[in-house]
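Heads up, the thing below is written out as structure tokens.
Order of the sequence lines fixes the chain letters, A, B, ..., with proteins taken first and strands second; residue numbering starts at 1 for each chain. Model, not experiment: these values are computed from the prediction.
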Protein chains: 2
Amino acid sequence: MVKEKTSGDMVRGNLDLMVLSALADGPKYGYLIQNALSKASGGTFTVQAGTLYPLLHRLEAEGWVRSRWDDSTGRKRKWYRLTPRGRKQLVHQAQQWREYADCIWRILAPVLGQSPDAMESS
Amino acid sequence: MVKEKTSGDMVRGNLDLMVLSALADGPKYGYLIQNALSKASGGTFTVQAGTLYPLLHRLEAEGWVRSRWDDSTGRKRKWYRLTPRGRKQLVHQAQQWREYADCIWRILAPVLGQSPDAMESS
DNA sequence: ATCAATGCATAGAGTGTCAATATATCAAGC
DNA sequence: GCTTGATATATTGACACTCTATGCATTGAT
């Protein structure tokens with residue numbers, strides 16, 4: 001009867017990377033990014049609006065994305081697109097994540113190698 | 001000339017898991033856990049003492065580890081060992097991490113698939 | 001006696017994320 | 001015209017995790 005704590009903030013620490021990669025295949029506005037990430041992750045990640053927009057502002061302040069309002073369709077939307085620097089950052093962070101994940105993977109391998117049932121001793 | 005920000009808190013969000021797995025092969029005291037993690041990660045993770053000890057207290061409060069002082073060697077050390085519940089938790093969190101990592105991996109695959117040079121056209 | 005390494009611990013600050021809330025537009029139904 | 005629900009951006013306050021900085025005490029070497 002252990003409480004689940006990892007329900008909400010699953011993305012912790014990788015949201016920047018996720019959002020950048022969501023913009024990799026073309027400009028999007030916030031709501032679109034939300035849906036794209038949710039779909040791309042098979043429902044695993046659900047980025048809250050209150051999380052996404054401040055994050056986008058931060059990414060823009062870093063110079064990794066640029067935004068432009070568009071109200072030609074009636075509905076006002078703020079489109080974000082990767083800058084060249086943002087694209088480099090995306091690749092850089094992605095590679096970094098891979099190294100990091102490999103490292104954790106090596107540490108966890110022995111744990112995941114054996115079944116939970118074989119762990120009653122100690 | 002982009003500033004590196006990921007220098008310090010690399011482990012963000014996975015420290016519990018790392019510490020639990022450090023205890024998987026037998027009891028350790030704090031200082032030993034620090035060294036074990038640093039070594040197991042090839043120097044990638046360096047868990048600060050000020051991070052580790054509060055975390056251990058939390059793990060104990062959750063019932064995942066139990067501690068016992070030992071001063072039979074002159075130097076007083078607080079040994080931590082996994083409880084059965086802690087071992088289950090370790091496996092559970094490890095599996096969860098794998099799913100999570102797989103998910104990110106799928107999203108990043110196209111990004112890492114191509115080289116950074118082939119990305120000038122936004 | 002002094003100093004570095006060992007060993008555990010707390011305090012304060014920073015950051016990332018969430019929940020809650022606010023505002024405004026559009027489309028649909030009454 | 002009015003209301004309602006989905007769309008869309010944004011701010012606020014709170015919370016959790018980690019870091020840095022600091023403190024204290026012991027051990028072993030110089």
Does a nitrogen or oxygen in the side chain of [X] sit under 4.0 Å from OP1 or OP2 of [N]?
{"X": "B:Arg77", "N": "C:dG7", "value": "yes"}
{"X": "B:His57", "N": "C:dT10", "value": "yes"}
{"X": "A:Tyr29", "N": "D:dT9", "value": "no"}
{"X": "A:Lys76", "N": "C:dC26", "value": "no"}

Separation of [N] [atom2] from [X] [atom1] (nearest whole Å):
{"X": "B:Gln48", "N": "C:dG14", "atom1": "CD", "atom2": "P", "value": "18 Å"}
{"X": "B:Ile33", "N": "C:dG7", "atom1": "CD1", "atom2": "P", "value": "12 Å"}
{"X": "A:Lys28", "N": "D:dT7", "atom1": "NZ", "atom2": "P", "value": "18 Å"}
{"X": "A:Tyr31", "N": "D:dA10", "atom1": "OH", "atom2": "P", "value": "15 Å"}
{"X": "A:Leu52", "N": "C:dA19", "atom1": "CG", "atom2": "C1'", "value": "15 Å"}
{"X": "A:Asp16", "N": "C:dT15", "atom1": "CG", "atom2": "C1'", "value": "11 Å"}
{"X": "B:Gln34", "N": "D:dC19", "atom1": "CD", "atom2": "C1'", "value": "13 Å"}
{"X": "A:Arg58", "N": "C:dG14", "atom1": "CZ", "atom2": "P", "value": "16 Å"}

With respect to the side chain of [X], which nucleotide from [options] is positioned closest?
{"X": "A:Leu15", "options": "D:dT9, D:dC19, C:dT17", "value": "C:dT17"}
{"X": "A:Trp69", "options": "D:dT9, C:dC8, D:dA8", "value": "D:dT9"}
{"X": "A:Arg75", "options": "C:dG7, D:dA10, D:dA6", "value": "D:dA6"}

Touch class at under 4.0 angstrom, heavy-atom based, for B:Gly30 against every strand present |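 The residue B:Gly30 makes sugar-phosphate contact but no base contact.
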Keeping the roles fixed (side chain from B:Ser38, backbone from B:Gln34), state whether a donor-acceptor pair exists under 3.5 Å.
-> no
Ion pair B:Asp70/B:Lys78, N-O distance below 4.0 Å = no
Which residues pass the ring pair (Phe, Tyr, Trp, His ring centres under 6.0 Å) test with A:Trp97, sequence neighbours left out?
-> none
Answer yes if the side chains of A:Asn14 and B:Tyr100 hold a donor-acceptor pair under 3.5 Å, and no otherwise.
->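 Result is yes, a qualifying pair exists.
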Measure the shortest side-chain to side-chain distance between A:Asp16 and A:Arg58 over non-hydrogen atoms and say whether it is less than 4.5 angstrom.
->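 Counting from C-beta outward, A:Asp16 and A:Arg58 do come under 4.5 Å.
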